Asks: 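Have a look at this one before I ask anything.
In what follows, every chain begins at residue 1, and chains take the letters A, B, ... in the order their sequences are listed. Source: prediction; values computed, not measured.
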2 protein chains.
Amino acid sequence: MRCLLSTFLLFVLFVSACTNQATPTPPTGGLPSDAAAVAAERNLKPDDIYAALKTYMPSGQLDPYIMFASGGQSGQVLVIGVPSMRILKLIGVFTPEPWQGYGFGGSSDATLDGGNMPDGSELNWGDTHHPNLSETNGEYDGQFLFINDKANARLAVIDLRDFETKQLVKNPNAINDHGGAFVTPNTDYVIEGPQYAAPLGWEYAPLDEYNDQYRGLITFWKFDRLKGRVDEAQSFQIELPPYWQDLCDAGKAVSDGWFFCNSFNTELATGGVELGNPPFEAGTTKNDVDYLHILNWKKAADVFNAGKVETINGIAVIRMQTAIDEGLLFFTPEPKSPHGADVTPDGQFIVVGGKLDPHVTIYSFQKIQDAINAGGLETDQYGIPVIPLDKTKEAQVELGLGPLHTVYDDKGYAYTSLFLDSAVARWTLGGAFADKHPEPAWTLVQKLPVQYNIGHIAAAEGDTASPDGQFVVALNKWSIDRFANVGPLLPQNFQLVDISQTGDQMKVLYDMPIGMAEPHYVQIIKADKLKPFEVYPEIGWNPETMSVDPNAITDAQDARVVRNGSTVEIWSAVIRSHYTPERVEINQGDHVIWHFTSLERQRDATHGFALSGYNINLSLEPGETQTIEFDADKSGTFTFYCTEFCSALHLEMVGYFLVKP
Amino acid sequence: MRCLLSTFLLFVLFVSACTNQATPTPPTGGLPSDAAAVAAERNLKPDDIYAALKTYMPSGQLDPYIMFASGGQSGQVLVIGVPSMRILKLIGVFTPEPWQGYGFGGSSDATLDGGNMPDGSELNWGDTHHPNLSETNGEYDGQFLFINDKANARLAVIDLRDFETKQLVKNPNAINDHGGAFVTPNTDYVIEGPQYAAPLGWEYAPLDEYNDQYRGLITFWKFDRLKGRVDEAQSFQIELPPYWQDLCDAGKAVSDGWFFCNSFNTELATGGVELGNPPFEAGTTKNDVDYLHILNWKKAADVFNAGKVETINGIAVIRMQTAIDEGLLFFTPEPKSPHGADVTPDGQFIVVGGKLDPHVTIYSFQKIQDAINAGGLETDQYGIPVIPLDKTKEAQVELGLGPLHTVYDDKGYAYTSLFLDSAVARWTLGGAFADKHPEPAWTLVQKLPVQYNIGHIAAAEGDTASPDGQFVVALNKWSIDRFANVGPLLPQNFQLVDISQTGDQMKVLYDMPIGMAEPHYVQIIKADKLKPFEVYPEIGWNPETMSVDPNAITDAQDARVVRNGSTVEIWSAVIRSHYTPERVEINQGDHVIWHFTSLERQRDATHGFALSGYNINLSLEPGETQTIEFDADKSGTFTFYCTEFCSALHLEMVGYFLVKP
């Protein structure tokens, strides 16, 4: 210790000597004496110092990567800077979010309503699982983000120009999902896989009719990039056996046009522990293998376009028999209760982690094609052709207990999460990747312990055709003792892992608590691929239509109140730091249509509009126009005020809303 | 640069030599070669390295401080570790929060309903401003947290045993607030100040009757610590003139029993820019002074107990004339549009930042008392006695533009946020603090630039009788260019400031984005003062009653479904990784009462219960019992499943809810 401290002093003196010279290079990289004292006082180990310097973001420096994390049962999406692991934004998706003014009176109310049940009943939360960025040629293009709601089988579209949710779509034939959202390499389709089988349209059917009445279902939502919306009329579904299809991945490059999904419960268990049956956790894990689903989505699109579909609850469905007849769907065995199916960056392999099997199984796309072309396949009980494992398997690598998901880097390594081992396994790919790493192909290289029980794992640019090689993030399901005690509901723990070195040199860099639900997956994009608006392009911008709103005003002089019978229409101007008008007086029972336009053009000059007692709150970003509409059913003296501190006179940005009885 | 790199190499060799010796001291404090390379590559400056090492929290080490931040217009509270500035938890308060199962079917629905409007109409968001921790003898005791909703004048009580919101109270006479929550030194009362004046009970009154019909109002909510609830029957209010009372602080030690509130708009402006009047921002800032309100709350409690009150909308109100007659209320001038009123740790001074005046004004409690005792005071237009400024002022210190709030440390310094200067001003206190710092009393010591436009500021243990001296946090209102662009709605920027050294050695350590609304204030408590449950104390714990629920079951064998007419009551057991029962079949139209008990005893073994299509989600922490009640109005095949990844077989934790048409 003394030795080290003297070293610091010597070092610091030397550095000072160096930097005191008239040298054009800036002082950089040294360990100043006060920093040395802090390191000693805090008992920081060399790896801690390395990690601190690797992840610390000096004031004003921007994170090079942006991570989009599902918010789990918060129903939202989190935007996180990497490597600093700082939350930059929470995006309201399936749950109303007052900060964004999402669902509290403005146009987003209609967006949220779009996700209601078919009978109109309200769903105001979701369980977001798998965010997927839009892709062009298999690369994240930074334009859109999609995410599913497992709880109710819904899909959301987020526009990355303003990081706002633009569309929710309720799946008319599925009541829950899991395997979604996944995009095809040019975002032609956003794919929503199923989870727990139910009859199409979740109609009532008793469980003893499970095999005949219950079904799996995969949905291909057609994405209209120009409109930034899913086009339901151009979307279709494929009926599947009532196995519980799980995670999926789109083929790319050589395998473009194909789609791969895991499944479990090929046992067709229906639970009932209370009746003496094995509980689902036992009943669904009896068999040694389940089925990897192999779908030809380009051919399926042709089948849809040829009209070989049935319309069920308003959406086109390719029935199972059609899928068989048209050669759209094949199975191959995969080890017991798999979780992830992850296509390698070149599209050549599909890696499956069988969570109750210590191996990952690697399938060859070429072998799959050869077997399909050879024909003569047996079928499962529903008539789906099954390709034997020995005809599809490229390799198996034993990694440890509970392999779940696999991601890739630029060095020919794969990274698999091991839930039960609580570790990240690094192993080597073969094929075209065999020359990229020093170790032999299909070999375990390192198991890095993580804290604790990792579920998903994600890599920077990891799901693209060209992953980066700096970081992976371990999405740990349990945190236990990692953070200060904040009560019986604990945060999750994201751990940032340094994968920049080859071999067994992976290191945990940072523990990030997620104390606002359980993210299930993330995608990490290079920050410079995102080109969001700094302010809305023009005054009067309507974020729903992404164009100027006909009710925008561009001058406070145009602010006005117009009565038409018992309807009162108001055009308000908003600029630092007052509303025009500041007084609105109406009669109880009037119907109010109230337009707001922010005249601001300066970045970050956001205003809010909170109307006390009426459950209304808007966020008005620079240039934005919003409209609220409500019945003034409560009489009284109400105030409205700005909820974003906008100037030294922000507290004075207020008005009175008087409702005469 | 070359010089530095060689220095690193030399240093690293020396360190390696040191650490390779068989020395009993652990390797600590060094700058390992890989860290040096990172520092050079990332161009980290000495201050960056210092800041990185000061704030980095190695995996598993716990933050020594916990910060409770208001969530602003998210309606929630954030729990943040200091100095790592990591968000540990988001607590649902005024807005439903599905992760905590807050407002999606369980007992918390009733908690949220408690905050509805008196006519029963729903308020499902809030604008949280000022969190206040419960105190014992003027010190945070770690038991409860209180926070206000500015948008609708409400108060929330959060129990820090489980970090859950237990009570919302709607103020029956105010429609908005701001100056709250503030506790008295033993948490006898939680005080909610007003903001924009309105008639009591927000009854309709035209603005030309403003001076007579509109009123300010301060509410003293009696807190029952044993029950952990506000006792509305023992609470009272004091009617005030229709100035816009703002932030407040309770006296302590010598000034215990007194309470101090700022005000603005003593001009009685009523806005109307659209009519050619000055907008509020101009009309409310015409006068050079406003009034500091000085209230004797212990005497007010006596007046309440003596029954000298009027009951208005169900709550006791001390009318303004009574307050005058009983000597409860005094004014003294304060410079133009002040924002913070902050009592020093010894209770001797009240510091007021006049946001349109470059000074802070320091009032002496002793001088105030002397002036009150001397009598002979003139009054304002409402008859409130006004003590001249020269009889109450101890000092004024010129700090710069836009002084807002002031906090304290253990070295006799005060820290004031300067909104317009975008800086933290450190200055010296006098009186009993004069010997604690090297500089003369009442002197500006340093102005530290922050990014940008700081609103509030907070210090570790800062509002107690004994603040700590390591950190203050600057709550900046604008972030502009500090973070990667995430669209036109930007995060706020919390900056952690190192105040450990005396003199002009304050440093910004860390920029923390808050991308989920605008926190207005925080309090920072020593982590070891908090003693939350790790798991609920017994199986069957009801978090609302904080006792065992009569509908708890302690064994899965007691799980059952009982039909009584068209009411179906279900007792479910929940444990890794299945529900008992797994099949529930009922008829459409049945009324369902469903009890869940988690049989888990292991920390972090939380389960969820999501019922697809029915908008229900529970979080069931170890030992918790929850009850949901609903009408099964939709027929079909629905699934329920666990939303917290609980084991390798978590995905198999599912059941079917069959509703027969």
Side-chain angles (χ1 to χ4, degrees), chain A residues 1 3 11 18 25 29 31-32 35 38-40 46 48-50 52-53 56 58-59 62 73-74 88-90 98-99 125 151 162-163 175-176 196 198 202 271 274 279-281 477-478 484 486-488 490 511 515-517 532 577-578 581-582 604 610 612 621 636-637 639 643 645 649 652, chain B residues 1 3 11 18 25 29 31-32 35 38-40 46 48-50 52-53 56 58-59 62 73-74 88-90 98-99 125 151 162-163 175-176 196 198 202 271 274 279-281 477-478 484 486-488 490 511 515-517 532 577-578 581-582 604 610 612 621 636-637 639 643 645 649 652:
Chain A
M1 183 70 177
C3 171
F11 176 63
C18 289
T25 54
L31 189 68
V38 168
D48 299 333
I49 295 173
Y50 173 83
L53 300 189
Y56 180 75
S59 184
L62 309 185
Q73 66 277 53
S74 76
L88 300 171
K89 186 170 248 180
L90 181 151
W99 170 53
W125 79 283
D162 62 359
F163 283 57
I175 191 60
N176 64 70
Y196 311 117
W202 62 95
E274 69 281 5
F280 275 115
E281 59 181 319
K477 295 299 185 181
W478 291 49
V486 290
L490 278 73
D511 280 31
M516 52 191 77
S577 276
H578 62 274
E582 291 181 314
D604 209 1
S612 296
E621 285 107 61
T637 298
T639 48
T643 41
F645 208 105
L649 293 169
E652 290 77 0
Chain B
M1 187 67 181
C3 172
F11 176 62
C18 290
T25 53
L31 189 68
V38 168
D48 299 332
I49 295 172
Y50 173 83
L53 300 189
Y56 180 76
S59 184
L62 308 185
Q73 66 276 53
S74 76
L88 300 171
K89 187 170 246 180
L90 182 149
W99 171 53
W125 77 285
D162 62 359
F163 283 58
I175 191 62
N176 65 69
Y196 310 117
W202 62 94
E274 69 280 5
F280 274 116
E281 59 182 318
K477 296 299 185 180
W478 290 48
V486 290
L490 277 73
D511 280 31
M516 53 191 77
S577 276
H578 61 275
E582 292 181 313
D604 209 0
S612 296
E621 286 109 60
T637 298
T639 46
T643 41
F645 208 106
L649 293 169
E652 290 77 2

Asks: Measure from the side-chain N and O atoms of B:Lys89 to the backbone N and O of A:Val486, and report whether any donor-acceptor pair falls under 3.5 Å.
Replies: yes
Asks: Tell me if a side-chain donor or acceptor on A:Glu281 pairs with a main-chain N or O of B:Ser577 at a distance below 3.5 Å.
Replies: yes
Asks: Any idea which of A:Pro98, A:Gly487, A:Pro488 has the most non-hydrogen atom pairs under 4.5 angstrom with chain B?
Replies: A:Pro488
Asks: Taking every non-hydrogen pair under 4.5 Å, which of B:Gly271, B:Ala151, B:Pro58 racks up the most with chain A?
Replies: B:Ala151
Asks: Would you tell me whether A:Thr639 and B:Asn176 have side-chain atoms, one donor and one acceptor, within less than 3.5 Å of each other?
Replies: yes
Asks: Do you know which of B:Pro581, B:Pro532, B:Ala484 has the most heavy-atom pairs with chain A at a distance under 4.5 angstrom?
Replies: B:Pro532
Asks: I'd like to know if the side chain of B:Thr637 and the backbone of A:Ala198 have a donor-acceptor N/O pair within less than 3.5 Å.
Replies: no
Asks: Shortest non-hydrogen contact from B:Ala610 to A:Trp125?
Replies: CB-CH2, 3.7 Å
Asks: At a heavy-atom distance under 4.5 Å, which candidate from A:Leu62, A:Val38, A:Leu53, A:Asp162 has the highest pair count against chain B?
Replies: A:Leu53
Asks: Look only at the side chain of B:Gln73 and the backbone of A:Thr643, and say whether a donor-acceptor pair between them is shorter than 3.5 Å.
Replies: yes
Asks: Quick check against the 3.5 Å criterion: does A:Glu582 have a side-chain atom that pairs as donor or acceptor with the backbone of B:Phe280?
Replies: yes
Asks: Kindly give the heavy-atom pair with the smallest separation between B:Trp99 and A:Gly515, and that separation in Å.
Replies: CZ3-O, 2.8 Å
Asks: Considering all heavy atoms of both residues, which atom of A:Phe645 and which atom of B:Trp478 are nearest to each other, and what is their separation?
Replies: O-NE1, 3.4 Å
Asks: Please report the interatomic distance CD1(B:Ile175) to OG(A:Ser612), rounded to the nearest 0.5 Å.
Replies: 5.5 Å
